[in-house]
Amino acid sequence: MSLKQGIRIADLAEHKGQSVTLQGWITFRRDSKGIVFAGLRDGSGFAQVVVAEDRVSPEAYQTAQSLQLENAVRLHGTVVHNERMNEMELEVTDLELLHAGAEYPITRKAHGVEFLMDHRHLWLRQPKQWAMMRVRNRLVYAIHRFFQERGFMQLDPPLFTANAVEGTTTLFETDFYGEPAYLSQSGQLYGEALAMAHGLIYTFGPTFRAEKSKTRRHLSEFWMIEPEMAFYDLDDNMDLIEEFIVFIVRDMLEGCAKELELLERDTTMLEKVSKGFPRLSYDEAVAIIRGEQAVDGRKSLDVLAEDLKAVEEEIAANEKDIAEREAAIAAGGMKKGAVNFNRNKIDQLIARNKELAERASNIPQWMESARNFQHGEDFGGSDETVLTRLFDKPVMVYRWPAAIKAFYMKRDPEFPDYVKGVDLLAPEGYGEIVGGAEREDDLDLLLARIKAHDLPQEAFEWYLDLRRYGTVPHAGFGLGLERLVTWLSGTHHIREAIPFPRAYGRLKP
RNA sequence: UCCUCCAUAGCUCAGUUGGUUAGAGCGGUUGACUGUUAAUCAAUAGGUCCCUGGUUCGAGUCCAGGUGGGGGAGCCA
């Protein structure tokens, strides 16, 4: 893909030896006598450009020497292969400064969360954030391809709604011509109506939850994919979830290798994502969490105890490393560059140990919580981690106690206190990314559950009509896009998985 | 709503039992160095120590309240 003027960095290799024009922004500058090295990014990638004093005009060289972070430039030069870095770079013959601008606030050094979030509009330009957005884009495209290739229609539910889909969660209230209206927390009920019209559908849009959650897994505004399939039961639903997850993970590994490398994502666990996800009933899952049932000869509490030991050993090793580096610096005689290198290394080790110390203090709590897990409760974050730790693929948990699940889930005829719901838990501590169910298709049962959940029946009359006119078995699921991006990119916090996160305490920029 | 931690230079942080003029690295600026890889070397500018009140001869440091933020619980995708 070419620009109106010049080419893009992503296409540099195709132009080896040619004279080309690049346009972009400066990511770094280092100079030495007679030579300036600068980094350039243009949205398609990153490359180094080299300005040698004897190859350009004196004016151009002076401009090159004065380049600052995020200056906008247009460069002309020859594409060459840099043997040292094994990368394509540009030997500049001429350059124009398009905009010099002010001193750029984000540097290549460490920054705190608050500072970065306040500068999110600029942070997005940094390589890791750039890679993250590329992963997000790839996933969105793969999701559409997966469903479109299988005959699903993408149709959009309304975002203004009159009532909650699930009575419990908090809603954002707005004013709709004088009437209270709420921002949608799920498009599912509308998805069911659309499935009765089109058979196979999916919705893909923003949803809003006014939960005052400050955790790494929650956003107030997030994007959800919600397929709904007529004539599907719970097993069909689980088959589709599995096929879907395998498809998008494979596609991303194939299409985003460069991005995952920039993100320093260890892809070992992702490469194991293939058909045959473990399917556990809620009852089995509870037994495993409590340590009553082994998986491949291993019990949850034993594995956690081993993990704790490993964490403690790593902390001790890091402390020894830190002490040695500090002693070496204190001994003197070290060059400044080496001192900086060791200081940075020490900072990294301290940060790592802080993380490990948190985990070390968490694990005994997880064990305690796992041991005392009460049958009938929903899983907490730590229970999900404990369970998935025993498997090397995403885990499906199905047939949940009716009391803790939404009113619309279908009662299991063979297990009257359970519903035909399913959650998909991602490995590596990322937890729940999919929640789905076969829907209750019996009008009388649905009416009873609306009453039992204390929901206003009149608000659901249109939904009940779906059971009055040609009701059929149907099922669907919801997938949080940002949780998927967070998991696949190996990111610590969900706020980096969306361009401009909206969360409790975060409305700007 | 609850628990817990934090706020000092543009950024990341140190700052001793409360004691003279507030410290480092990075970033900026100036200069040196002909292939740098978060380059290196030298010099230099840069501060309302979050806000309000209190204790004290004296507060960046102690106390109370507030504001902003981090992590977690609950709830969820």
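Atoms considered below: every heavy atom in the structure, side chains included; atoms not considered: hydrogens, waters and symmetry mates. Just so it is clear: chains get the letters A, B, ... in the order the sequence lines come, proteins before strands, and each one is counted from 1.
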Using a 4.0 Å heavy-atom cut-off across all strands, classify Leu481(A) as base, sugar-phosphate, or nothing.
-> nothing
Given that both distances must come in under 3.5 Å, which nucleotide forms a Watson-Crick or G-U wobble pair with G25(B)?
-> C11(B)
Mate of C49(B) where both pairing distances stay under 3.5 Å, Watson-Crick or G-U = none
Measure from the side chain of Met85(A), starting at C-beta and using heavy atoms only, and say which of U36(B), A77(B), G72(B) lies closest.
-> U36(B)
At under 4.0 Å between heavy atoms, what does Asp31(A) touch on the DNA or RNA strands: base, sugar-phosphate, or nothing?
-> base
Distance-only side-chain donor-acceptor flag, Arg120(A) / Gln129(A), under 3.5 Å = yes
With a non-hydrogen cut-off below 4.0 angstrom, is Val434(A) in contact with a base, only sugar-phosphate, or nothing?
-> sugar-phosphate
Across every strand shown, the nucleotide meeting Watson-Crick or G-U wobble geometry with C2(B) (both distances under 3.5 Å) is G72(B)
For the residue pair Phe477(A) and Phe147(A), categorise the inter-ring angle as parallel (less than 30°), tilted (30 to 60°) or perpendicular (more than 60°).
-> tilted
Phosphate oxygens OP1/OP2 of G71(B): is one of them under 4.0 Å from a side-chain N or O of Lys214(A)?
-> no
Which is true for Glu482(A) with a 4.0 Å heavy-atom rule: it touches a base, it touches only sugar-phosphate, or it touches nothing?
-> nothing
So, is His119(A) close to the C11(B) phosphate, meaning a side-chain N or O under 4.0 Å from OP1 or OP2?
-> no
Minimum-distance pair of heavy atoms, taken over all atoms of Ile26(A) and Ala38(A) | CD1-CB, 4.3 Å
Please determine, for the side chain of Met224(A), which listed nucleotide (A77(B), C75(B), C33(B)) has the closest atom?
-> A77(B)
Once you apply the 3.5 Å cut-off to both distances, tell me the Watson-Crick or G-U wobble partner of A77(B), or none.
-> none
Base, sugar-phosphate, or nothing: which does Asn362(A) touch, judged by heavy atoms less than 4.0 Å apart?
-> nothing
Counter-base of U36(B), judged by Watson-Crick or G-U geometry with both distances under 3.5 Å | none
Decide whether a cation-pi geometry holds between Arg145(A) and Tyr141(A); the criteria are a distance under 6.0 Å from NZ or CZ to the six-membered ring centre and an angle within 45° of the ring axis.
-> yes
Pick base, sugar-phosphate or nothing for Ile433(A), based on heavy-atom distances below 4.0 Å to the nucleic acid.
-> sugar-phosphate
Whole-Å P distance, G70(B) and C57(B) | 41 Å
Any idea how Tyr463(A) and Phe460(A) line up, ring-wise: parallel (<30°), tilted (30 to 60°), or perpendicular (>60°)?
-> perpendicular
Would you indicate which nucleotide in U37(B), G70(B), C75(B) comes nearest to any side-chain atom of Arg84(A)?
-> U37(B)
Determine the contact category for Leu219(A): base if any of its heavy atoms lies under 4.0 Å from a base atom, sugar-phosphate if only primed atoms, P, OP1 or OP2 are that close, otherwise nothing.
-> base
Checking N1-N3 plus N6-O4 or O6-N4 for Watson-Crick, or N1-O2 and O6-N3 for wobble, each under 3.5 Å, the partner of U61(B) is none
Closest to side chain of Val50(A), choosing from G35(B), G71(B), A73(B) | G35(B)
Look at the side chain of Arg209(A) and decide which nucleotide, out of C76(B), U12(B), G72(B), has an atom nearest to it.
-> C76(B)
Across the strands shown, which category fits Gly431(A) at heavy-atom distances under 4.0 angstrom: base, sugar-phosphate, nothing?
-> nothing
Value in whole Å for how far the P atom of G27(B) lies from CZ of Arg29(A) = 11 Å
Kindly give the heavy-atom pair with the smallest separation between Tyr61(A) and Ser32(A), and that separation in Å.
-> OH-O, 3.8 Å
If the C1' atom of A32(B) is compared with that of C51(B), how far apart are they to the nearest Å?
-> 46 Å
What nucleotide, of G35(B), G68(B), A77(B), holds the atom closest to the side chain of Glu114(A)?
-> G68(B)
Between His218(A) and Arg506(A), which has a closest nucleotide on RNA chain B that is more 5'?
-> Arg506(A)
Within this structure, what is the NZ-to-C1' distance between Lys212(A) and C76(B), rounded to whole angstrom?
-> 17 Å
Aromatic stack Phe222(A)/A77(B): centroid gap under 5.5 Å, interplanar angle under 30° | yes
Hey, is the side chain of Gln185(A) poking within less than 4.0 Å of OP1 or OP2 on C75(B), counting only N and O atoms?
-> no
Short side-chain N/O contact to A77(B) OP1/OP2 from Arg217(A), under 4.0 Å = no
Quick one: which of U12(B), A73(B), U36(B) gets closest to the side chain of Phe115(A)?
-> U12(B)
Count the heavy atoms of every other residue, nucleotide or ligand shown that sit under 6.0 Å from CD of Glu243(A), and state whether that count exceeds 12.
-> yes
Ranking C75(B), G35(B), G70(B) by distance to the side chain of Arg495(A), first place goes to G70(B)
Under 4.0 angstrom, heavy atoms only, what part of the nucleic acid is His493(A) near: base, sugar-phosphate, or nothing?
-> sugar-phosphate
Out of G35(B), G71(B), G74(B), whichever nucleotide has its closest atom nearest the side chain of Glu89(A) = G35(B)
Once you round it to whole Å, what is the distance between P of G74(B) and CZ of Phe379(A)?
-> 13 Å
Consider the side chain of Ser32(A), meaning its heavy atoms from C-beta on, and name the nucleotide among C33(B), C76(B), G71(B) that approaches it most closely.
-> C33(B)
Using distance alone, with no hydrogens and no angle criterion, decide if Tyr408(A) and Gln188(A) have a side-chain donor and acceptor under 3.5 Å apart.
-> yes
To the nearest Å, how far apart are Asp383(A) CG and G74(B) C1'?
-> 13 Å
